[in-house]
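Bear in mind that the values here come from a model prediction, so they are computed numbers and not experimental data. In the text below, chain A, chain B and the rest are named by the order of the sequence lines, each starting its count at 1.
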Amino acid sequence: MNILVILKMTPDVVEELEIAADGRSLDAGLLRMAVSEGDEHALEEALLIKERHGGRVTVLAVEAPDVDDALFAALAKGADRAVRISGAGLGLGTRAVARVLASVLTDAHRLLPVDLVLTGTQAIDDLDGLLAPLVAHHLGMPYLGIVAEVAPDPARRTVTVVKEYPGGVRGRFEIDLPAVIGIQSAEKPPRYVPVAKVRAAMKSERIDSALVPSLADTTGPLIEVIEMRKPEAAGRAEMIEGPPAQVADKICEVLAARGLL
Amino acid sequence: MPDNVWVLAEHWRGKLSEITFEALALGRDLAAGLGRELDAVLLGHEVKALAGELGAADRVLCCEHPLLAELTPDIYAEALAQLARQRAPAVVIAPLTNVTLGVGTLLASKLEAPAINFCRDARVVEGKIEALAVMYGGKIECRVTAARAPAILGLWPGSRPAEAGRKSAPPAAIEDAPVTLAAPARVRLKEYIEPEMGEIDISAEQVLVAVGRGIQSQDNIELAEELAAALGGAVCGSRPVIDQGWLALSRQVGKSGATVKPKLYLAAGISGAPEHVEGIRASELVIAINSDPQAPIFNVAHYGAVADALDLLPALTQAVRGRKG
C-alpha cells in the first residue's frame, strides 16, 4: 500500500486570533500555525494501516510557517517520506492548494502510484471548499469523508471504511482503490512523539522538496472576503465574575431561580 | 428557469432532514432578494413522495435514479452538476451535515463555480449574494461574496428556524429532472451500523454536565461526574474528549453524536465549535465555563464564567451540595 497523507497548517485557535489591518484577513504576524486537527488523525490512521498491512506512508504539505517541524514530527512518528511543496506562494485558499497538490501528484516527484490519499475531513479555514473532495476531483478518484475507520483490501483493490452519520449511526462503505478519504477521527488518538525524537529526526532524516510554478490564476478569485471580524457580542452570555467560590454561588442562584436545585 | 435559487433537499433513511427546511427558509429570502424562484432539488430513488413536504419551494425538481438510492458525494455531485448545467441556477444551497458534506465542494469543483463553506446566513446586496461564514472553529466570522454564478453555499445547521421552511400545502410544481449516470458506483454503502445503546440516553437527560478539551485529562472527568451527581444529572462530552477515549461514544454531543435538549447544559472547558453547538441549541439554559474569554461558547451560553474548569467544577459541586444540604 502506498499511502499519501496531506497535512495542512492552520492557525492554532488556542491562541488569540487578531484581524489584520486590511480588515479582511488574519494578522499573520501573530499566528501560531499547527497541523490541522483532522490531518493529524489522517496521519495516525495511515500509520495504523501501515502497521497492520504494511506499506509506505508519504506525508505531503504545502509550504507554510512551521511546516518543516510538522513534517519532521510525521517522520518521527513513522512516516517514510516527507515532501514539502514550495513555489506556489503562501496563504493560498483550499481550492488553490488542491490544484497545487494535484499538479505535484501528476508530475515526476515519485509520488505515484498511490493507493490511498488520506487527509482531514475538513479544516477550520476551508472557506472555499474541502480539500479531500477537491483533490479527488482533480485526480479522478472516488471520495468519501467523515470517516473513522479504514481497512484496505489490496488484493481486491478496495477499501472498507466506516463513515459517521448523525446520532451515532455509522455506515460501512466499500470503495474502489485508489481513493481519497477525508478522516474525521483515527481509530486511536494521534500518537504523541517526544520532542527529542523529533530533534533526532531533524538530524537523521530529510524533507524532499517539490517545486511548483506559482499559480497563474487565469480565472481570477472565485470568492472574495470583504470583511473578517470577531463574532458580534449580540446574544452574548451574561458573564459572572469573581473567584471560583463566588462564581459557584452565583451559578447556584441562577439554578435555584429556575428550580434546578 | 435560469438564475433560480436551489436548495439541495437533504433526506436520510426516508425522511427529510431539519436542515432542508432551514435551507428553504433561507433560500426563500435569497429568491425574494434576487427576484427569482426557489427550487428544491430532490435527488434519490423512489423519493417522489417526499416532494409533497417541500411546499415552501415554488418548484421541486425531482431527480430519480437507482444510483442515487444512497447519498454518496461523487454521484450526487455528478447528478447536480448535470442539472445545474441544464438549468443554470444562481445559487445552490447544500447542507454541511454528516449526510451531505462534500457534495457542495465536489459540485463547485465540477462546475468550476465558487463555493462558500461554513455559511451561517446569506443575503442579497445590490443583486449579489453575500454570505456570512464562520471560520476557525467559530472564532471568526466573515462576509464573503462570490465572483460568479452559481454560488455554492455550504450551510451550517441553525441558519433559520426549520418552521419557517415548512408549509402544509404541496409545492405548486413537481418536475421530473432526469440525469444520465454511469454504473458501477465506485463508493458503495454496504450497511448501516446502529449505535450501541449506552448505559444512558443523554438526549433524554434533564441536566447535563459537558466536558471538553479544557478538562485536560481522563482523571479530571471525575470532577464533572461529582458535579453531575450533585445536580442529579449526567456527564457528556464534546468530540475531543470522546476521541481521546475519556468518555464512551454514547456520551458524545454534536454533529456525529446526540442532539440534546436538557433544562441545564453546563459546558466546562468546551470552546463551542459549530459542530458542537449544533447539538445543544435546544437546551433551555446553557452555562459555560472556559478559561478563554474569546471562546465562541460564550456567544451561545446564557451565563458564562471565564475560569479554569478544574477550579470551578469542584467549587460548584461544593456549593450545590451546600444548598441541597
- Item | Top contributor to chain B contacts, counting heavy-atom pairs under 4.5 Å, from A/Thr10, A/Val247, A/Leu26, A/Ile19 | A/Leu26

- Query: Are any of the side-chain heavy atoms of A/Pro189 and B/Asp243 separated by less than 4.5 Å?
  - Reply: no

- Query: Non-hydrogen atoms of chain A under 4.5 Å away: do they reach the side chain of B/Ile287, the backbone, both or neither?
  - Reply: side chain

- Message: Let's test your reading of the structure: which of A/Cys252, A/Gly129, A/Gly171 forms the most heavy-atom pairs below 4.5 Å with chain B?
- Response: A/Cys252

- Message: Are more than 12 heavy atoms, taken from residues, nucleotides or ligands other than B/Gln318, located less than 6.0 Å from that residue's CD atom?
- Response: no

- Item | Proximal component of B/Ala307, with respect to chain A [non-hydrogen, under 4.5 Å] | neither

- Check A/Pro231 against B/Gly138 and note the closest heavy-atom contact, atom names and distance. CG-O, 3.5 Å

- Note on the structure: Given B/Arg213, B/Lys255, B/Glu284, B/Arg13, the one with more heavy-atom pairs under 4.5 angstrom with chain A than any other is B/Arg213

- Query: Looking at A/Asp128, A/Leu144, A/Val161, which makes the most heavy-atom pairs under 4.5 Å with chain B?
  - Reply: A/Asp128

- B/Ala258, B/Ala108, B/Ser17, B/Ala133: which one forms the most heavy-atom pairs within less than 4.5 Å of chain A? B/Ala108

- Should A/Ile124 and B/Met135 count as side-chain neighbours, where that means a heavy-atom distance under 4.5 Å? no

- Would you mind checking which part of B/Pro296 comes under 4.5 Å of any heavy atom in chain A, side chain (CB onward), backbone (N, CA, C, O), both or neither? neither

- Message: Just so I know, are the side chains of B/Leu285 and A/Val254 near enough to count as touching, which here means a heavy-atom distance under 4.5 Å?
- Response: yes

- Query: What's the spacing between B/Glu112 CD and A/His137 NE2 if we round to 0.5 Å?
  - Reply: 7.0 Å

- Between A/Gly168 and B/Pro195 the two heavy atoms that sit nearest each other are O-CB, 3.5 Å

- Message: Please find the pair of heavy atoms, one from A/Lys163 and one from B/Asn98, that lie closest to each other, and give the distance.
- Response: NZ-O, 2.8 Å

- Query: If you measure from CG on B/Leu316 to CG on A/Asp249, what distance do you get to the nearest 0.5 Å?
  - Reply: 9.5 Å

- Item | Closest-packed option against chain A by number of heavy-atom pairs under 4.5 Å, given B/Arg239, B/Lys263, B/Gln206 | B/Arg239

- Task: For chain B, find which of A/Val169, A/Thr158, A/Val162 contributes the most heavy-atom pairs closer than 4.5 angstrom.
- Result: A/Val169

- Where on A/Leu255 is there a heavy atom nearer than 4.5 Å to chain B: the side chain, the backbone, both, or neither? side chain

- Please look at B/Thr97 and chain A and tell me whether the side chain, the backbone, both or neither of the residue comes under 4.5 angstrom of a heavy atom of that chain. backbone

- Query: At their closest point, which heavy atom of A/Tyr165 faces which heavy atom of B/Val99, and how far apart are they?
  - Reply: CD2-CG2, 4.0 Å

- Turns out that what part of B/Leu132 lies under 4.5 Å from chain A's heavy atoms comes down to side chain

- Specify the closest pair of heavy atoms between A/Ile223 and B/Ala115, including all atoms of both residues, with the distance to one decimal. CG2-O, 3.5 Å

- Item | B/Phe118 versus chain A, the contacting section by heavy-atom distance below 4.5 Å | side chain

- Within a radius of less than 6.0 Å around NZ of B/Lys324, do more than 12 heavy atoms belonging to other residues, nucleotides or ligands occur? yes

- Item | Interchain contact, B/Lys190 with chain A, by part (heavy-atom threshold 4.5 Å) | both

- Message: Which atoms of A/Ile146 are under 4.5 Å from chain B, going by heavy atoms: the side chain, the backbone, both sets, or neither?
- Response: side chain

- Give, as side chain, backbone, both or neither, the part of A/Glu174 having an atom under 4.5 angstrom from any heavy atom of chain B. both

- Note on the structure: Of B/Leu101, B/Leu96, B/Val320, the largest count of non-hydrogen pairs under 4.5 angstrom with chain A goes to B/Leu101

- Which distance, rounded to the nearest 0.5 Å, do you find between the CD of B/Gln244 and the NZ of A/Lys188? 13.5 Å

- Matching residue for A/Arg172 among B/Glu70, B/Glu194, B/Glu191 - test: salt bridge (charged side-chain N to carboxylate O under 4.0 Å, His left out): B/Glu191

- Task: Work out which heavy atom in A/Glu164 is nearest to a heavy atom in B/Ser256; give both atom names and the distance.
- Result: OE1-OG, 2.6 Å

- Where on A/Ala256 is there a heavy atom nearer than 4.5 Å to chain B: the side chain, the backbone, both, or neither? side chain

- Query: Distance-only, no hydrogens or angles: does the B/Lys139 side chain make a donor-acceptor pair with backbone N or O of A/Val13 under 3.5 Å?
  - Reply: yes

- Item | Atom group of A/Glu253 that falls short of 4.5 Å from chain B, counting heavy atoms | both

- Query: Which answer fits B/Gln294, side chain, backbone, both or neither, if we ask what part of it has an atom under 4.5 Å from a heavy atom of chain A?
  - Reply: side chain

- Task: Answer yes or no: is there a side-chain heavy-atom contact under 4.5 Å between A/Ile175 and B/Arg186?
- Result: no

- Item | A/Ile251 side, atom CD1; B/Leu312 side, atom CG - distance, nearest 0.5 Å | 5.0 Å

- Item | A/Tyr143 and its side chain to side chain contact (heavy atoms under 4.5 Å, CB included) partner, picked from B/Val187, B/Thr105, B/Leu106, B/Thr72 | B/Leu106

- Message: I want to check something: taking the side chain as every heavy atom from C-beta on, are B/Asp74 and A/Pro133 in contact at a cut-off of under 4.5 Å?
- Response: no

- Okay, B/Arg323 and chain A: the region with an atom under 4.5 Å from a heavy atom over there is side chain

- Item | Contact check, side chains of A/Gln122 and B/Glu275, non-hydrogen atoms, under 4.5 Å | yes

- Could you have a look at A/Thr121, A/Asp176, A/Val159 and say which one has the most heavy-atom pairs with chain B under 4.5 angstrom? A/Asp176

- Residue selection (most heavy-atom pairs with chain B, distance under 4.5 Å) from A/Glu241, A/Glu16, A/Arg24: A/Glu16

- Message: If I measure from the heavy atoms of chain A, does B/Ala113 come under 4.5 Å with its side chain, its backbone, both, or neither?
- Response: backbone

- Can you tell me how far the NZ atom of A/Lys230 sits from the CD1 atom of B/Ile140, to the nearest 0.5 Å? 6.0 Å

